[in-house]
**Q** 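One structure is given below, represented as structure tokens, and several questions about it will come after.
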Amino acid sequence: MKVNGTLMNYYFHCKRQCYLFGNRINLEDNSEEVKIGKAIHEERAEKENTEIAIENIRLDKLTAEYLTEVKKSDADVEASKWQLIFYLKVLKDKGIIRKGKLEFAEKNKSDKKTIVIELTNDLECQLGDYIVAIEELLDSEEIPPVLNAAKCKRCAYYEYCYI
Ligand code: SF4
């Protein structure tokens, strides 16, 4: 599988999840977490008519200044951040230069957490290194070990990993 934004997110969330998804062991259709995430995206896109697809990625909102991604929680900011950086680079390669904005939808409006990211040369270099690392991970013969972390209970692969 070609590296995409979802794989970039999973690489930071859990290398095993990245490996399994990237090798097309897809248990996500039954996951409540994934369903909630999709519902947030769909509701927002329907209300605001903002969702845009470029190649195989869906962007929540693209304005003259920002590419905005909406996440259902801020439980894994680093994973969300690198997914957005990946999308900023895809846009840049098409001549569309934007800043990135992450919005976390679980927070109430007055307390809404927002993070703004600019695609710098340093971030682009790091992104290139991570893309190579993901390609190597997916080609590896060994599946990364389970995390034994609290977040595993909310993961679509929980049964695969532990039962
Ligand atoms: S259950 Fe835990 S170890 Fe397994 S893929 Fe999900 S996050 Fe990774």
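Whatever order the structure lists them in is the order used to number ligands and atoms, beginning at 1. These numbers were taken from a predicted model, which means no experiment stands behind them. By convention here, the first residue in the shown sequence is residue 1.
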**Q** For the pair Phe12 and Trp82, name the ring-plane relationship: parallel under 30°, tilted 30 to 60°, perpendicular over 60°.
**A**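 Correct class here is parallel.
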
**Q** Does Lys92 come within less than 4.0 Å of Glu124, counting only side-chain N to carboxylate O?
**A**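 Salt bridge: yes.
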
**Q** Just to confirm my output: which protein heavy-atom neighbour is closest to atom 2 (Fe) of ligand 1, and how far is it?
**A**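 Going atom by atom, the protein heavy atom closest to atom 2 (Fe) of ligand 1 ends up being Cys152 SG, 2.3 Å.
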
**Q** Which is it for Tyr160 and ligand 1 at heavy atoms under 4.0 Å: side chain, backbone, both or neither?
**A**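 Within the 4.0 Å criterion, Tyr160 makes no contact with ligand 1.
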
**Q** Is atom 8 (Fe) of ligand 1 under 2.8 Å from any N, O or S atom of Cys14?
**A**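 Checking atom 8 (Fe) of ligand 1 against Cys14, an N, O or S atom does fall under 2.8 Å.
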
**Q** Tell me, which protein residue and heavy-atom name are nearest atom 4 (Fe) of ligand 1, and how many Å apart are they?
**A**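 Scanning the protein heavy atoms, the shortest distance from atom 4 (Fe) of ligand 1 goes to Cys161 SG, 2.3 Å.
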
**Q** Under a 4.0 Å threshold between the charged nitrogen and the carboxylate oxygen, would Glu103 count as salt-bridged to Lys71?
**A**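 Salt bridge flag = no for Glu103 with Lys71.
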
**Q** To which protein heavy atom is atom 3 (S) of ligand 1 closest, and what is the distance rounded to 0.1 Å?
**A**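 Result: Leu147 N, 3.2 Å.
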
**Q** So, 2.8 Å as the limit: is an N/O/S atom of Cys155 located closer than that to atom 6 (Fe) of ligand 1?
**A**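 Under 2.8 Å: Cys155 contacts atom 6 (Fe) of ligand 1 through an N, O or S atom.
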
**Q** Check ligand 1 against Tyr162 and write out every atom of the ligand that is under 4.0 Å from a heavy-atom position of the residue.
**A**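 This gives 1 (S) as the contact atoms.
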
**Q** With a cut-off of under 6.0 Å to the ring centre and 45° to the axis, is Lys89 in cation-pi contact with Tyr87?
**A**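 Here Lys89 fails the 6.0 Å and 45° test against Tyr87.
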
**Q** Within the 4.5 Å heavy-atom criterion, are Ser73 and Phe104 side-chain neighbours or not?
**A**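 A side-chain contact under 4.5 Å is absent here.
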
**Q** Quick one: do Val90 and Ile97 end up in the same hydrophobic cluster if we chain Ile, Leu, Val, Met, Phe, Trp and Tyr together by side-chain heavy atoms under 4.5 Å apart?
**A**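 No: no chain of side-chain contacts under 4.5 Å links Val90 to Ile97.
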
**Q** Going by the atom numbers of ligand 1, which of them fall below 4.0 Å from some non-hydrogen atom of Gln17?
**A**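 Near Gln17, the atoms of ligand 1 are 5 (S).
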
